Amino acid sequence: MGTTYKVPFLDLGGLHAELEEELVQVFRRALETSGFVGGPEVEHFETEFARFCSTEYCVGVNSGTDALRFALIAAGIGPGDAVVTVPNTFIATTEAITQAGALPRFVDVDAKTYNLNVAKLAEYLEHKCGRERRTGRLFDNETGRTVKAVIPVHLYGQPADLDSILALAERYGLLVIEDACQSHGAGYFSRKANRWVKAGSMGKAAAFSFYPGKNLGACGEGGAVTTNDPELAQKIRMLRDHGQAKKYYHDMEGYNGRLDSIQAGILRIKLRHLAEWNEKRRAAARRYRELFGADGHAVVMPYEPDWTWAIYHLFVVRVAQREEAMKHLGLVGVGTGIHYPIPLHLQKAYQYLGYKPGDFPVAEKVSAEILSLPMYPGLTNEQQSVVVAQLQQFAIELAADETREAAA
Ligand SMILES: *Cc1c(COP(=O)(O)O)cnc(C)c1O
């Protein structure tokens with residue numbers, strides 16, 4: 001903080017400057033009408049975002065965390081249940097699980113995509129779960145909890161392998177709730193449907209976050225659930241609004257989890273630019289690959305299988321001596337981040353789950369090497385050249401040091 005970076009990690013200022021007049025209009029309109037919560041802006045945004053995601057329904061909520069939590073609760077997940085997810089995600093994924101009353105169970109990720117490893121999920125369901133003979137209930141052997149759902153996280157803007165996950169889920173009777181909080185507009189080629197589909201359109205429901213730094217970001221907090229299930233959508237509308245379908249008639253207890261109308265208005269304006277911004281991020285990702293060149297000087301590029309259309313919420317490389325690399329880049333004015341440094345199963349908050357180092361070796365190894373490089377639609381070629389030159393110089397010096405040490 002306080003440092004001015006030559007190449008900031010994220011630059012929202014440029015995007016907002018271009019849209020400033022339109023964005024300020026939203027606030028003026030809200031002041032004139034005193035419409036701050038709910039109302040037409042929220043409804044219009046919901047319609048437009050559902051269309052963007054190719055889903056029937058979208059319900060605007062206060063955050064991505066709310067979106068995940070409400071989707072789980074509305075889908076009937078609660079105390080006594082377990083929900084399977086990955087350890088290398090933002091804690092909101094598992095907070096939603098525990099706050100719905102359920103217990104998180106982890107499976108490891110793929111070494112190339114860093115997304116849920118479907119073979120590991122199959123192994124977990126086959127060997128670490130059992131079936132109650134009489135009821136058919138699927139339970140986690142270790143905890144006895146009923147395994148009801150799986151949350152694949154489309155990490156960094158790249159969809160997990162949904163066809164395979166959905167097929168497994170069907171076989172085991174699990175719900176799939178997509179954590180699409182980093183993947184607004186990302187594409188997935190469904191072999192089953194034989195066409196491209198949108199992230200957030202395939203599971204029972206999907207959660208999106210409009211935290212300012214996300215590809216579609218509010219100027220404050222925001223989130224949404226997308227689904228094709230009208231009953232689920234209706235339950236989520238009630239959950240976000242104190243369990244009421246009609247004012248002061250509470251069919252159940254809910255939450256204060258609404259999307260406010262100023263954020264909805266802002267999101268409507270920004271949504272019109274999202275496809276173009278995602279294209280720009282993809283172009284920047286291609287440019288990084290070109291600049292790093294074939295050998296990459298020991299910098300491992302993100303892997304994008306041909307069945308995904310990633311929208312690069314983050315551009316995450318892997319380097320040796322990550323902390324040193326990060327420090328070097330910071331000193332020369334390049335902002336970077338780590339998403340995420342400690343896998344959830346090793347976080348203090350989850351000590352009670354009883355996991356230990358070595359339980360998820362891929363997530364653990366990757367978390368020690370990943371480095372998120374600057375990525376946003378306005379990133380220039382010159383800025384990218386600086387990032388790459390600096391990181392390569394670091395890698396070359398590191399290799400020279402190692403050679404020297406080996407010779408000594
Ligand atoms: C951002 C994010 C969330 C939470 O969204 P908020 O709007 O900050 O509550 C959940 N999951 C993932 C993977 C995220 O990146």
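Counting convention: from 1, in listed order, for ligands and their atoms alike. Just so it is clear, the model here is predicted, and its values are computed rather than measured. Residue numbers run from 1 in the order of the sequence given.
For the pair K192 and D163, the salt-bridge criterion is not met [side-chain N within less than 4.0 Å of a carboxylate O].
Aromatic ring centroids of F70 and Y255 lie under 6.0 Å apart. If you look at H184 and F208, their ring centroids are closer than 6.0 Å.
Cation-pi contact between K198 and F52: present, with separation from the ring centre below 6.0 Å and deviation from the ring axis of at most 45°. Relative to the six-membered ring of W309, R282 meets both conditions, a distance below 6.0 Å and an angle of at most 45° to the axis.
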Which pairs of nitrogen or oxygen atoms, taken one from ligand 1 and one from the protein, are under 3.5 angstrom apart?
{"unit_1": "ligand 1", "atom_1": "5 (O)", "unit_2": "S209", "atom_2": "OG", "d": "3.2"}
{"unit_1": "ligand 1", "atom_1": "7 (O)", "unit_2": "G64", "atom_2": "N", "d": "2.7"}
{"unit_1": "ligand 1", "atom_1": "7 (O)", "unit_2": "S209", "atom_2": "OG", "d": "2.6"}
{"unit_1": "ligand 1", "atom_1": "9 (O)", "unit_2": "G64", "atom_2": "N", "d": "3.3"}
{"unit_1": "ligand 1", "atom_1": "9 (O)", "unit_2": "T65", "atom_2": "N", "d": "2.9"}
{"unit_1": "ligand 1", "atom_1": "9 (O)", "unit_2": "T65", "atom_2": "OG1", "d": "2.5"}
{"unit_1": "ligand 1", "atom_1": "11 (N)", "unit_2": "D179", "atom_2": "OD1", "d": "3.4"}
{"unit_1": "ligand 1", "atom_1": "11 (N)", "unit_2": "D179", "atom_2": "OD2", "d": "2.9"}
{"unit_1": "ligand 1", "atom_1": "15 (O)", "unit_2": "Q182", "atom_2": "NE2", "d": "2.8"}
{"unit_1": "ligand 1", "atom_1": "15 (O)", "unit_2": "K214", "atom_2": "NZ", "d": "3.0"}

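For residues 239-250, every residue pair satisfying the salt bridge (Lys or Arg N to Asp or Glu O under 4.0 Å) rule, not counting sequence neighbours, is listed here: E46-R240, D241-R258.
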